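For reference, the structure discussed in these notes is given below.
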Amino acid sequence: MVAGKVKKPGKRGRKPAKIDLKAKLERSRQSARECRARKKLRYQYLEELVSSKERAICALREELEMYKQWCSAMDQGKIPSEIKALLTGDEQKTPQSGSSTKTSKNSKNISNNGQV
């Protein structure tokens with residue numbers, strides 16, 4: 001007993017206001033729509049990301065295959081024309097102009113290591 005009053009057992013806090021059931025359902029529907037839209041955007045982003053990574057993998061596989069062919073040709077005592085062009089500084093004849101700097105550095109290392 002607090003100051004002569006008897007507390008009733010039960011729930012504490014504010015009494016829940018009577019919420020309009022239709023409004024509550026509409027808010028729930030709107031929230032679900034927004035959730036589905038976010039999910040759709042997330043999946044589109046992930047699909048684009050996977051697609052770009054797959055393209056990068058294909059390009060790297062092609063580059064690896066080219067290097068394997070170069071190595072097998074060099075094992076047979078032949079120097080591929082692309083490597084000759086890189087060694088002579090004539091980079092206009094190379095099939096991949098974007099990776100010419102990387103390839104030229106690698107080919108210089110190969111030529112230095114191969115010839116003592």
Side-chain angles (χ1 to χ4, degrees):
M1 283 199 301
V2 178
K5 294 184 179 178
V6 178
K7 287 190 173 183
K8 297 180 183 178
K11 297 182 181 179
R12 295 183 184 179
R14 291 179 21 184
K15 294 181 182 177
K18 294 190 177 184
I19 300 174
D20 186 19
L21 187 59
K22 289 184 179 181
K24 184 177 179 180
L25 286 173
E26 185 56 38
R27 281 196 312 268
S28 176
R29 288 184 188 118
Q30 182 63 30
S31 177
R33 272 188 228 106
E34 291 171 2
C35 181
R36 287 189 296 270
R38 285 191 305 270
K39 184 178 179 180
K40 184 178 180 181
L41 286 174
R42 186 171 48 246
Y43 273 84
Q44 286 175 347
Y45 166 74
L46 290 173
E47 285 175 355
E48 289 173 5
L49 189 64
V50 167
S51 177
S52 68
K53 298 294 182 186
E54 286 175 344
R55 284 192 300 271
I57 289 170
C58 287
L60 289 171
R61 283 187 177 150
E62 289 175 3
E63 187 176 357
L64 177 64
E65 187 60 35
M66 179 183 67
Y67 291 140
K68 284 181 180 179
Q69 290 174 0
W70 286 7
C71 288
S72 65
M74 291 173 71
D75 287 342
Q76 296 172 1
K78 301 174 186 174
I79 298 177
S81 60
E82 294 90 354
I83 293 179
K84 284 182 183 178
L86 290 173
L87 293 175
T88 59
D90 186 15
E91 295 185 5
Q92 295 175 352
K93 295 180 181 178
T94 57
Q96 296 178 345
S97 61
S99 65
S100 62
T101 57
K102 290 180 185 176
T103 312
S104 65
K105 289 179 185 176
N106 291 341
S107 63
K108 287 178 185 176
N109 289 337
I110 292 171
S111 65
N112 291 340
N113 293 338
Q115 299 173 355
V116 178

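These numbers were taken from a predicted model, which means no experiment stands behind them.
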Report the distance from atom [atom1] of [X] to atom [atom2] of [Y], rounding to the nearest 0.5 Å.
X	Y	atom1	atom2	value
Leu86	Lys84	CG	NZ	12.5 Å
Ser52	Glu47	OG	CD	12.0 Å
Lys68	Leu64	NZ	CG	4.5 Å
Glu62	Ile57	CD	CD1	12.5 Å
Lys39	Arg42	NZ	CZ	7.5 Å

Original post:
With a 4.0 Å cut-off, would you call Glu26 and Arg33 a salt bridge?
Top reply: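 Here Glu26 pairs with Arg33 in a salt bridge, since their nearest N and O are under 4.0 Å apart.
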Subject >> side-chain hydrogen bond (donor to acceptor under 3.5 Å, both in side chains), paired with Ser51, selected from Lys53, Glu48, Arg55 >> reply: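 Exactly one pass, corresponding to Arg55.
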Original post:
Between Met74 and Ile83, what is the shortest heavy-atom contact and its length?
Top reply: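 Heavy atoms of Met74 and Ile83 come nearest at SD-CD1, 3.6 Å.
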Original post:
Taking side chain as C-beta onward, heavy atoms only, is Lys24 less than 4.5 Å from Arg27?
Top reply: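 SC-SC contact between Lys24 and Arg27 confirmed.
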Subject >> Distance-only side-chain donor-acceptor flag, Tyr67 / Glu63, under 3.5 Å >> reply: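 Present: a donor and an acceptor within the cut-off.
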